[in-house]
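A, B, ... follow the sequence lines: proteins, then strands. Residue 1 opens every chain.
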Protein chains: 2
Amino acid sequence: MMKDAAAPERGRTGRPPRTSRAQILGAARELIDDEGWERLTMRKLAARAGVAPTTLYHHVRDREELLAALLDDYADRIPRRELPRQPVERILAAATVMHDALAGWPWLVEVLTADDLIGDAALWMVEAIVDAAMEHGCPADEAVHLYRSIWYYTVGEILVRANADRKRAELDRPAYRDTVFRRLDKPELPRLSAIAGCWPALCAEDTYLQGLRALVEGLLTK
Amino acid sequence: MMKDAAAPERGRTGRPPRTSRAQILGAARELIDDEGWERLTMRKLAARAGVAPTTLYHHVRDREELLAALLDDYADRIPRRELPRQPVERILAAATVMHDALAGWPWLVEVLTADDLIGDAALWMVEAIVDAAMEHGCPADEAVHLYRSIWYYTVGEILVRANADRKRAELDRPAYRDTVFRRLDKPELPRLSAIAGCWPALCAEDTYLQGLRALVEGLLTK
DNA sequence: GCTAGTTTTCGAACATGTTCGAAAACTCGA
DNA sequence: TCGAGTTTTCGAACATGTTCGAAAACTAGC
């Protein structure tokens with residue numbers, strides 16, 4: 001029977017491993033640094049690690065788990081910035097750290113939607129938010145709701161933006177938004193027609209920050 | 001030169017098409033109804049439509065565009081519910097319609113992140129939100145920010161929940177959250193340890209509604 | 001040293017999305 | 001009627017993630 005690949009527990013017998021999980025993760029990081037994450041294929045990774053493609057699957061469950069492991073690894077190296085004392089500001093700061101860290105690795109898009117948490121290494125950010133909410137007077141369940149709202153909002157912003165960027169770069173087709181707005185000369189949507197011009201100019205970063213503050217303050221002053 | 005596949009403009013000459021885009025979309029809908037969207041492959045779709053797989057690519061750009069077309073089609077059939085007069089309530093109602101419609105077809109997950117809009121057919125929901133915000137006194141740019149915040153939040157919630165469901169069903173592995181929480185007996189995160197028990201019990205739907213209201217009210221009373 | 005058991009490795013193969021180039025089927029003008 | 005141009009169709013093939021089964025390489029007990 002095969003032991004858990006994540007915790008090999010070098011118990012006794014067996015063929016000596018020529019490859020380790022850490023080795024594979026390292027090779028993956030190199031490859032991503034060199035070519036970008038879109039070009040990380042299992043075959044290339046295997047080649048760089050010097051093994052057959054199928055060997056990888058003895059050390060990671062699949063490509064997605066590999067990316068998740070990389071994310072957790074990455075989150076572990078996010079510097080734990082000093083956070084403000086005031087609860088609301090502390091929540092905003094922690095959320096911003098989380099947001100910026102995730103936005104910095106937009107290639108982990110697929111992993112972000114696994115649940116309302118990412119790996120162990122990022123738990124201090126979650127704790128910071130929950131803790132501040134409770135210090136502000138929230139009961140436990142509302143603190144969780146607050147955190148989770150922030151998570152939805154943050155993940156949504158990152159996924160939408162990263163994906164839009166990717167598509168625009170991919171085959172320089174116009175932004176989807178533009179193809180929709182181009183047909184807006186029809187008169188049945190007057191308000192949208194009037195706005196369509198200013199729409200694309202509005203920075204998504206601004207939207208994120210304003211919305212985040214509104215979300216947090218709205219949930220705390222209930 | 002090949003004309004735009006989306007707008008064939010039956011101008012003049014050429015081999016008579018045995019296949020139409022509408023036919024393909026119809027076959028796709030059937031297939032999804034029969035087997036679920038996860039099992040919609042281009043090859044199966046071609047088989048049901050009675051053509052070679054490669055033929056599909058003359059009528060849709062790729063699988064993603066096909067899904068997007070299906071979504072737009074679907075959005076077109078969302079009944080345009082009567083919305084409340086009061087602006088804040090109208091925004092909440094419109095957002096809820098949008099949310100429920102998208103959540104009802106979680107298989108369109110990949111398309112949702114294309115931009116901050118979906119197809120033409122759903123524009124009335126966008127218009128409803130923007131219009132209500134401006135009626136409430138928002139300038140145009142803030143109305144757009146508001147809409148976009150709602151979009152991020154909604155998309156985030158749907159993607160996270162749909163993806164978590166999918167993974168849990170896929171190979172009945174435990175929720176990612178649980179594997180993280182299981183290691184929470186370490187004492188360095190006391191607040192989280194205390195909360196971990198109640199966390200999974202909190203309904204995501206509740207989180208969504210509370211957060212939505214907070215977001216909207218927070219942004220409007222600025 | 002030999003055998004049984006275990007772990008790691010890998011080649012073959014499959015499913016899937018997609019590209020490419022050529023063939024088929026048609027229209028129009030000469 | 002015929003050839004040029006155009007649109008549609010399709011078979012072959014490729015890249016990629018992944019599974020499967022068998023072979024390789026080792027340890028422990030006899």
Side-chain angles (χ1 to χ4, degrees), chain A residues 1-24 27-28 31-32 35-69 107 110-111 167 170-171 173, chain B residues 1-24 27-28 31-32 35-69 107 110-111 167 170-171 173:
Chain A
M1 194 190 60
M2 199 185 79
K3 286 292 164 62
D4 185 6
E9 185 215 322
R10 304 283 322 113
R12 230 147 303 175
T13 82
R15 183 179 184 169
R18 222 180 55 201
T19 319
S20 74
R21 189 177 157 99
Q23 219 173 92
I24 290 178
L31 204 49
I32 288 174
E35 310 197 21
W37 81 277
E38 309 92 337
R39 300 197 205 283
L40 171 69
T41 72
M42 298 303 268
R43 284 175 162 84
K44 269 195 222 163
L45 175 56
R48 177 167 299 229
V51 295
T54 53
T55 299
L56 300 178
Y57 290 82
H58 254 260
H59 302 273
V60 294
R61 185 205 295 275
D62 51 21
R63 193 179 123 105
E64 195 170 322
E65 200 229 11
L66 191 157
L67 291 179
W107 49 271
E110 302 156 42
V111 189
K167 276 188 200 161
E170 196 171 85
L171 197 55
R173 51 181 136 177
Chain B
M1 192 189 61
M2 199 185 78
K3 285 289 161 63
D4 185 9
E9 186 214 324
R10 306 280 323 114
R12 234 151 297 181
T13 82
R15 182 180 185 167
R18 222 180 54 202
T19 319
S20 74
R21 189 178 158 100
Q23 218 173 92
I24 291 178
L31 204 50
I32 289 174
E35 310 197 23
W37 81 278
E38 309 91 338
R39 299 198 207 283
L40 171 69
T41 72
M42 298 303 269
R43 282 174 163 84
K44 269 196 223 163
L45 175 56
R48 177 168 294 232
V51 296
T54 54
T55 298
L56 299 177
Y57 290 84
H58 254 260
H59 302 273
V60 295
R61 187 206 294 276
D62 51 21
R63 187 172 185 268
E64 193 169 324
E65 201 230 8
L66 191 156
L67 291 178
W107 48 271
E110 302 155 41
V111 189
K167 275 188 201 159
E170 196 172 83
L171 197 54
R173 49 180 135 175

Protein-nucleotides 11-13 of chain D N/O pairs closer than 3.5 Å?
residue	atom	partner	partner atom	Å
dG11(D)	O6	T54(B)	OG1	3.1

Sequence-distant partners of R18(A), side chain to side chain donor-acceptor pair (under 3.5 Å), two or more places apart: none
Report the distance from atom [atom1] of [X] to atom [atom2] of [N], rounded to the nearest whole Å.
X      : N       : atom1 : atom2 : value
M42(B) : dA15(D) : CE    : P     : 20 Å
I24(A) : dT8(C)  : CD1   : P     : 11 Å
L56(B) : dT8(D)  : CG    : C1'   : 13 Å
H59(A) : dT9(C)  : NE2   : P     : 4 Å
R15(B) : dC26(C) : CZ    : C1'   : 9 Å
L40(A) : dT16(D) : CG    : P     : 11 Å
R21(B) : dT8(D)  : CZ    : P     : 13 Å
D62(B) : dT19(C) : CG    : P     : 7 Å

Considering every strand and a 4.0 Å limit on heavy-atom distances, what is the contact class for [X]: base, sugar-phosphate, or nothing?
X      : value
T41(A) : sugar-phosphate
L66(A) : nothing
L45(A) : nothing

For A52(B), side-chain contact (heavy atoms from CB on, under 4.5 Å) partners two or more places apart: T54(B), T55(B)
A68(B): side-chain contact (heavy atoms from CB on, under 4.5 Å) partners, not counting sequence neighbours: V111(B)
Straight-line distance of I24(B) CD1 to T19(B) OG1, nearest 0.5 Å: 6.0 Å
Nearest heavy-atom neighbours spanning A69(B) and R21(B): CB-NH2, 3.6 Å
Where R48(A) and L31(A) come nearest, the two heavy atoms and their spacing: NE-CD1, 3.5 Å
T55(A) side-chain N/O to dT8(C) phosphate OP1/OP2 under 4.0 Å: no
Under 4.0 angstrom between R18(A) side-chain N/O and dC10(C) OP1 or OP2: yes
Angle between terminal axes - the helix from dG1(C)-dC30(D) to dA30(C)-dT1(D), 5 pairs each end, rounded to 10°: 30°
Give the table of side-chain donor-acceptor pairs shorter than 3.5 Å for residues 36-45 of chain B, with sequence neighbours excluded, one pair per line with atom names and distance.
residue	atom	partner	partner atom	Å
T41(B)	OG1	K44(B)	N	3.1
K44(B)	NZ	E35(B)	OE1	3.0
K44(B)	NZ	R39(B)	O	3.3

